[in-house]
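Following: one structure in structure tokens, then a few remarks.
Please read these numbers as outputs of a predicted model, since none were measured by experiment. In each ligand, atom 1 is the first atom listed, and ligand 1 is the first ligand listed. Side chains included, hydrogens not; waters and symmetry mates left out as well; all remaining heavy atoms used. Position 1 is the first residue of the sequence, and the numbers go up from there.
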Amino acid sequence: METFETVTAAREWVARRREFGTAIHLVPTMGYLHEGHLSLMRQAKADGGDVVISIFVNPRQFGPTEDLRVYPRDLPRDSALAADAGVAAIFAPTVAEMYPPNFRTKVVIEYLATGLCGAFRPGHFEGVATVVLKLFNIIQPDAAYFGKKDYQQLKVIERLTADLNLPIRIVGCEIVREADGLAMSSRNVFLSADERVQASALNKAISRAQQMVRAGERDVKSLVGQVTQWIEREPLARAQYIEVVSTSNLAPVETIENEALLAVAVFVGKTRLIDNGVLQV
Ligand code: AMP
């Protein structure tokens, strides 16, 4: 497995692989890898071709009061895990490599990026779309893999790719969870022992909401009320948003027909966690 810090080195490696006609599959990450990330890499490998992952804690997707400085980082550990997962190369650029001092461009995705996390993290999805478009242009992958845990992010990237006619297949992958249902996240290391136990309330509440919908509940207001109660029954959990939206365009839904997405963002102590699940009639 090879590791590059510069755009030039990454491009040269990709060009060499292309000479053999090899497909390139990209998995963008912010590192501190866990089973969620590794499942994306395994799927990218199973689909054929060389897997390139990027590890870059992108400052432009963090707000001024967010956890950029303390975001966990461990490149040696990540390299070992990636090598085990069959990754061919890691692109781990510095901030200066990605954003030289005269950098002036940003990518704005309208509408899709304004609700849910976008409402509470101004500029976040512009930062995401900008860095992902850069990664797409640097690596020029045939396919790129994203987790459904960041459902809104996946939709934003799908829109970006379609709107700008990028010849890249976007693959959405299922959420990988801990044994008690907590969605895996690099941020889970911030949770204290008490917070970690209480954090399982997010997925439990989503699962109960899914059962309610299967049993006939259609009214979003009463579902959201229930889910809020179940989550906030945990003394350290405070909801930032609990919303039901269209799975395709993320527009708010009032009555569930066929399917909808239940998306939640919850502070457990000081740590902000997100999770979601599809409500199926
Ligand atoms: P991150 O390093 O948090 O930016 O995540 C990198 C990629 O891994 C994104 O596409 C995430 O959606 C995906 N991912 C993170 N956690 C999980 C998880 N628990 N299950 C599936 N995919 C995940």
Check: Any idea which atoms of ligand 1 are less than 4.0 Å away from a heavy-atom of His34?
Finding: 15 (C), 16 (N), 17 (C)
Check: So, do Ile138 and Gln140 sit near enough that their side-chain heavy atoms are less than 4.5 Å apart?
Finding: no
Note to self: For Glu174, state whether at least one heavy atom is located under 4.0 Å from any atom of ligand 1.
What the structure shows: yes
Next item on the list: Verify salt bridge (charged side-chain N to carboxylate O under 4.0 Å, His left out) between Arg18 and Asp142, making sure each step is shown before the conclusion.
Entry: CA-CA 11 Å; Arg18 288 258 181 241; Asp142 299 279; 3.0 Å; yes
Next item on the list: Heavy-atom contacts with Met184 under 4.0 Å: which atoms of ligand 1 show up? List them by number with element.
Entry: 16 (N), 17 (C), 18 (C), 19 (N)
Check: Are the side chains of Val132 and Phe146 in touch, meaning some heavy atoms are under 4.5 Å apart?
Finding: yes
Item checked: Closest to atom 13 (C) of ligand 1 among Cys173, Ala144, Gly147, Ser186 (heavy-atom distance) -> Gly147
Next item on the list: Could you tell me whether Ser185 approaches ligand 1 through its side chain, its backbone, both or neither, with non-hydrogen atoms closer than 4.0 Å?
Entry: neither
Next item on the list: Write out the residue and atom name of the closest protein heavy atom to atom 20 (N) of ligand 1, then the distance separating them to 0.1 Å.
Entry: Val176 N, 2.9 Å
Check: Can you list the ligand 1 atoms lying under 4.0 Å from a non-hydrogen atom of Leu40?
Finding: 7 (C), 8 (O), 10 (O), 13 (C), 22 (N)
Next item on the list: Look at the aromatic rings of Phe56 and Tyr99 and report parallel, tilted or perpendicular, splitting at 30° and 60°.
Entry: tilted
Next item on the list: Might you confirm whether atom CG of Asn249 has over 12 heavy atoms from other residues, nucleotides or ligands at distances under 6.0 Å?
Entry: yes
Item checked: Option nearest atom 1 (P) of ligand 1 (shortest heavy-atom distance, choices His37, Arg177, Met41) -> His37
Next item on the list: Show which atoms of ligand 1 fall inside a sub-4.0 Å distance from at least one heavy-atom site of Pro28.
Entry: 6 (C), 7 (C)
Item checked: Of the listed options Val27, Ile175, Asp150, Ile274, closest to atom 14 (N) of ligand 1 (non-hydrogen atoms) -> Asp150
Check: Which of the numbered atoms in ligand 1 are below 4.0 angstrom from a heavy atom of Lys149?
Finding: 16 (N), 17 (C), 19 (N)
Next item on the list: Give yes or no for whether the N/O distance cutoff of 3.5 Å, strictly under, is met between Phe146 and ligand 1.
Entry: no
Notebook entry, point to check: Where the side chain of Asp50 meets the backbone of His25, is there a donor-acceptor pair that is under 3.5 Å apart?
Noted result: no
Note to self: Among Arg187, Arg60, Arg121, which residue satisfies the salt bridge (charged side-chain N to carboxylate O under 4.0 Å, His left out) criterion with Glu66?
What the structure shows: Arg121
Next item on the list: Number the atoms of ligand 1 from 1 as they appear, then name those within less than 4.0 Å of a heavy atom of Met30, with their elements.
Entry: 1 (P), 2 (O), 4 (O)
Margin query: Using the rule given for salt bridge (charged side-chain N to carboxylate O under 4.0 Å, His left out), can you reason through Glu158 versus Lys155, listing the C-alpha separation, both sets of side-chain angles and the distance that settles it, and then say yes or no?
Written below: CA-CA 5 Å; Glu158 284 174 353; Lys155 289 289 140 186; 3.0 Å; yes
Item checked: Inter-residue atom distance Lys149.NZ - Leu40.CG, 0.5 Å rounding -> 11.5 Å
